[in-house]
Peer 1: 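One structure, pasted below without further comment.
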Amino acid sequence: MTTREASAPAAAGVLGFALAVFYAIFVRFYHAAGGTIGMGGMVPRDPPTIQFASFVAGLIILLGGVGCLMLTRPVLRCVPAWVPVFGGRELPTALLATLCGFPALVGGVYAVVHGLGGIVVNLLSVLGLAEIPIPAGVWLNLDSSTMAWWELLFYEPWFVAMGMCLLLSVRRYALDKGVAAATVRRVGFVCTGLALAGGAAFVWMIVTDNVLVL
């Protein structure tokens with residue numbers, strides 16, 4: 001693996017952690033605390049439930065950021081030296097791949113699908129070419145135009161960036177563990193195909209009012 005190949009995914013791990021911390025604190029935890037900036041005038045019917053869901057989402061996002069670091073920083077995959085018996089040893093590959101690698105792979109694909117699909121849908125919305133259905137059972141009020149701009153310029157690009165960081169972090173871990181570069185590339189092609197197909201399905205379901213992904 002060349003220096004360039006090693007450095008890019010490693011940098012993605014740091015960037016992924018930074019993106020996760022920023023979004024968790026200034027978006028999810030902020031909204032969980034009752035903040036309204038970035039909500040497009042949304043007034044939920046059940047504020048406590050929405051706020052709790054936002055808080056939980058923030059915790060999950062933070063875990064994703066930590067996962068990016070662990071997958072790209074070998075030193076973070078080692079048990080602290082002060083821990084009896086296991087101190088200084090690296091976490092078993094099977095354990096880390098199951099608890100961190102696989103969730104990061106799935107979460108990365110999902111995030112890219114969400115971001116790409118959301119960008120297209122909200123672009124169609126601001127251009128007046130499509131209307132995003134609003135579930136009346138969830139929101140009392142929503143300025144759909146303002147929310148579309150927030151989604152288009154902030155939320156959905158974050159999903160794409162975070163998803164790419166997760167996927168590049170998994171790539172780095174796989175290469176660190178000796179997985180053949182050809183195998184890693186094939187998995188990358190599969191993930192790209194899934195992301196494009198999923199994004200297209202996302203757009204179709206929203207535009208045709210079959211389902212609304214929040």
Side-chain angles (χ1 to χ4, degrees), residues 1-24 28 57-74 76-77 91-124 151-152 154-207 210-214:
M1 182 169 54
T2 66
T3 301
R4 183 177 180 181
E5 289 175 329
S7 62
V14 176
L15 178 59
F17 178 74
L19 286 171
V21 170
F22 171 82
Y23 196 85
R28 288 305 186 177
L59 293 179
I60 294 173
I61 289 168
L62 281 179
L63 287 176
V66 172
C68 284
L69 280 183
M70 292 188 68
L71 291 170
T72 57
R73 302 287 170 172
L76 298 179
R77 301 198 290 261
L91 293 172
T93 300
L95 178 65
L96 193 59
T98 300
L99 298 182
C100 190
F102 182 71
L105 183 65
V106 174
V109 172
Y110 168 79
V112 173
V113 167
H114 192 300
L116 292 178
I119 287 172
V120 173
V121 166
N122 285 283
L123 180 60
L124 293 175
E151 295 282 353
L152 183 61
F154 178 67
Y155 293 117
E156 303 304 351
W158 178 87
F159 271 101
V160 174
M162 188 66 205
M164 292 301 299
C165 287
L166 285 165
L167 293 174
L168 287 172
S169 296
V170 174
R171 176 182 182 275
R172 170 61 187 269
Y173 182 68
L175 293 174
D176 281 350
K177 290 302 170 183
V179 177
T183 300
V184 173
R185 282 194 296 272
R186 283 195 291 269
V187 173
F189 291 143
V190 171
C191 288
T192 300
L194 289 174
L196 293 176
F202 182 106
V203 172
W204 178 81
M205 288 187 291
I206 300 293
V207 172
N210 279 287
V211 66
L212 176 63
V213 181
L214 295 175

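These values consider heavy atoms only, across backbone and side chains, with no hydrogens, waters or symmetry-generated copies.
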Peer 1: Identify the heavy atoms of G117 and V203 that sit nearest to each other, and give their distance.
Peer 2: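 Nearest heavy atoms, G117 then V203: O-CG2, 3.7 Å.
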Peer 1: Take the angle between the ring planes of H114 and F159 and call it parallel below 30°, perpendicular above 60°, tilted in between.
Peer 2: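 H114 vs F159 ring planes: parallel.
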Peer 1: First locate atom CE of M70, then atom CG of L63, and finally report the distance between them rounded to the nearest 0.5 Å.
Peer 2: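 Atom-to-atom, M70:CE and L63:CG are 11.0 Å apart.
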Peer 1: More than 12 non-hydrogen atoms from neighbouring residues, nucleotides or ligands closer than 6.0 Å to CZ on F154, yes or no?
Peer 2: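 It does: F154 CZ has more than 12 such atoms within range.
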Peer 1: Taking all heavy atoms of E151 and all of P157, pick out the closest pair and write down the distance.
Peer 2: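 Minimum heavy-atom separation between E151 and P157: O-CD, 3.5 Å.
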Peer 1: Check this for me: does any side-chain nitrogen of one of R77 and D176 sit under 4.0 Å from a carboxylate oxygen of the other?
Peer 2: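 Answer for the salt bridge query: yes.
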Peer 1: Walk me through whether V160 and L116 qualify under side chain to side chain contact (heavy atoms under 4.5 Å, CB included).
Peer 2: CA-CA 7 Å; V160 174; L116 292 178; 4.2 Å; yes
Peer 1: If a pair satisfies side chain to side chain donor-acceptor pair (under 3.5 Å) and one of its residues is in residues 186-199, list it, with sequence neighbours excluded.
Peer 2: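 Those involving residues 186-199 are T183-R186.
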Peer 1: Quick one: salt bridge (Lys or Arg N to Asp or Glu O under 4.0 Å) partners of R73, sequence neighbours excluded?
Peer 2: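 For R73 there are no salt bridge (Lys or Arg N to Asp or Glu O under 4.0 Å) partners, ignoring immediate neighbours.
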Peer 1: SG/C100 to CG/L71 distance, rounded to the nearest 0.5 angstrom?
Peer 2: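 Nearest 0.5 Å value for the SG-CG distance: 4.0 Å.
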Peer 1: What distance separates L166 CG from Y110 OH, expressed to the nearest 0.5 Å?
Peer 2: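 Output value for this atom pair is 12.5 Å.
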Peer 1: What's the spacing between L152 CG and I119 CD1 if we round to 0.5 Å?
Peer 2: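 Result: 7.0 Å between the selected atoms.
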Peer 1: Roughly how far, to the nearest 0.5 Å, is the CG atom of L167 from the SG atom of C68?
Peer 2: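 Between C68 SG and L167 CG, I get 9.0 Å after rounding to 0.5 Å.
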Peer 1: Give me the atom names and distance for the closest heavy-atom approach of S169 to G13.
Peer 2: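 Looking at all heavy atoms of both residues, the closest pair is OG-CA, 3.6 Å.
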Peer 1: Looking at W158 and Y23, would you say the former's side chain and the latter's main chain have a donor-acceptor pair under 3.5 Å?
Peer 2: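 The answer is no, because no donor-acceptor pair under 3.5 Å joins these two groups.
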Peer 1: Does any non-hydrogen side-chain atom of T72 lie less than 4.5 Å from one of Y173?
Peer 2: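 Y173 vs T72: side chains apart.
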